[in-house]
Protein chains: 2
Amino acid sequence: MTGRSDLPHQDVKAEKPSGRAIVFVIDDDVSIRRSLSNLFQSVNLDVAAFGSAQEMLQGDLPEVASCLVLDVRLPGLSGLELQTELAKLNLHIPIIFITGHGDIPMSVKAMKGGAVDFLTKPYRDQELLDAVVAATERDRKRREVEKTVANLQSLYDTLSSREQAVMKLVAAGLMNKQVAAELELAEITVKIYRGRVMKKMRARTLADLIRMAETLGICANHPE
Amino acid sequence: MTGRSDLPHQDVKAEKPSGRAIVFVIDDDVSIRRSLSNLFQSVNLDVAAFGSAQEMLQGDLPEVASCLVLDVRLPGLSGLELQTELAKLNLHIPIIFITGHGDIPMSVKAMKGGAVDFLTKPYRDQELLDAVVAATERDRKRREVEKTVANLQSLYDTLSSREQAVMKLVAAGLMNKQVAAELELAEITVKIYRGRVMKKMRARTLADLIRMAETLGICANHPE
DNA sequence: TGGAGAATTATACGAATGTTTAGGCTCTCT
DNA sequence: AGAGAGCCTAAACATTCGTATAATTCTCCA
C-alpha cells in the first residue's frame, strides 16, 4: 500500500515524485476520512487526510498534481473560508466540496471561487472520482504552465538591468538604433547586450525571444 | 424611454449601437417580465423580453454587449437546456439564472457551464443588478478580443497560400534562407512574399507579426 | 492571338543585424 | 593596491534583411 490514511503531518511528497497525484481529504469524521482514503487508494491515488483546515494549512503542499476534497462544514475554518484563505495565499489547488446540508448560494459561491465541483450527499463514488480526476488534471496543467513561466522568469532574473531594458525594447519591436536612442547608448552597445540576452535566455531566434517576453508579460510602452 | 418591454421579436440592435448593453429576459410570467424590464430600465439598460427560450432563439443576437437573465423552469426548453443549446451554437452570451425551486446539482451544472450567477428567489434587486453588470462587462471583454482576432483573421485571409506559408515559417523563427529551402523557393522570392505579408497584415515590425501569428494560433512545425 | 496578371527568379544596393577583438571606466571585495 | 565584475564604446567584418528594377514563365480571358 502506497497511500497513507488519516494521520496529519506526514511527508507525502517523498513517496512518489512521478506522474502520480495526491488527494487531500479534510473531514472531521474519522470514518469518512477512512472511507474516502480507501476509495481513492483503490484507484491508485495517494491520499493525505486531515481533521481540520488548520492541520492541512500547517503542512506544505507537494510538488505533485493534487486536489482537495473537503466538507463545507468543518470545525474551525469552514470549507468556504479555507477556499478564500488558499486564494489569499495564492495557492491554487483545485477544490471539490462535499456537503450534507448545503444550499444553493453556498454552492454558487464555491463555484464562483473556482471550485471544480460541489457534491451533495448522497453521491455516487464514481461522481467523486470523476471530479477528482478532472481536478488533478486541471492542477497538472496549471503546474505545467506555472513551471514554464517560472523557468523563464529565473532566466530573465539572471539578466542585468541594462540587459532587461534592452530585451523589453527589442521585444517591443524597436530596432537596435532606436533602442540605443531610448537608453542613450551607442548602437554597438545594444548589439552586445542583445547578443547576451539571446544567450542568457537561451533563445535561438528573435521569434523565441518575443514569445518569451509575451509569456513573461513584458511590455515596453513604445513612445511616439 | 428607450428600452422596450416584453414583446418578442423586436429589433433592439437598431436602437443604441453605442456603449449601451442589452439584457435579454426570458420568463413565462408576464408580470415578472414586466417587473424585471422595469428594474433594468431604471438603471439605463436596454431590455428585450421573451416568454420562452424558443422565441429568443429565433431572433438574432445583437452586436452589443449583452447578457441573459432567465428562469431555470421554462415552458418548452428549460434554462439549462437553453444554456447547452447556446453553447452548441457557439453563442457565448453570459447567463444569469433565477430560480424559485432549484437544487444544488442544478446550480452546479449551470455554473460549470459558465453561468455568471445563479440566484434563488427571493433575491435582492441589487444582487441581480450586480450580476448583470458583471455579466455584460464579461461579454464586452469577450467581444473585444473576439473582434481583434476576427480583424486579424480577415487580414490573414487576404494572403495568398504562399504568403500564408511564408508567414507561418517566418513567425516560427526561420530565416529567409530556411523558409526558401522549406518551400523550395529562391531566397529572393521569400523576401518578396515576406514584404507583402508585412504590408497586408499591417505589421510595422517583425515583433508585431509574431504576436499576430500567436493570437491567430499559427504554429509551424519547424522540422530538424 | 494578344494581353493582363499572377508567380517566380535575378541583379544590385542600402540598411540592419551579429560576432569578434580590443579597449576604458567605475564600483566592490579582499 | 589589486582582482574581478559590470557597464560602455570602437573598429571591422560577415551575414541577413528589405526594396527597387527587370525579366521569365504560366494561366486565364477577351
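Residue numbering restarts at 1 for every chain, and letters A, B, ... go by the order of the sequence lines.
Between B/Lys191 and D/dT19 there is no side-chain polar atom (N or O) within less than 4.0 angstrom of OP1 or OP2. Contact between the side-chain N/O atoms of B/Arg162 and the OP1/OP2 oxygens of C/dA7 is not found at any separation under 4.0 Å. Phosphate contact (OP1/OP2 of D/dC8, side-chain N/O of A/Tyr193, threshold under 4.0 Å): present.
To the nearest 0.5 angstrom, B/Leu77 atom CG is 8.5 Å from B/Ser52 atom OG. Taking OG1 from A/Thr136 and CG from A/Leu68, the interatomic distance works out to 13.0 Å, rounded to the nearest 0.5 Å.
The side chain of A/Asn176 lies closest to C/dG18, out of C/dG18, D/dC8, D/dT9. Here the side chain of B/Met175 is nearest to one of D/dC7, C/dT17, D/dC17, namely D/dC17. Of the candidate nucleotides D/dC7, C/dT11, C/dT20, C/dT20 has the atom nearest to the side chain of A/Ile188.
Following rounding to the nearest Å, B/Glu187 (CD) and C/dA10 (C1') show an atom-to-atom distance of 13 Å. The distance from atom CZ of A/Arg196 to atom P of D/dC7 is 7 Å, rounded to the nearest whole Å.
Using a 4.0 Å heavy-atom distance criterion, A/Ser160 is classed as a sugar-phosphate-only contact. As judged by a 4.0 angstrom heavy-atom cut-off over every strand, B/Leu185 is placed among residues touching the sugar-phosphate backbone only.
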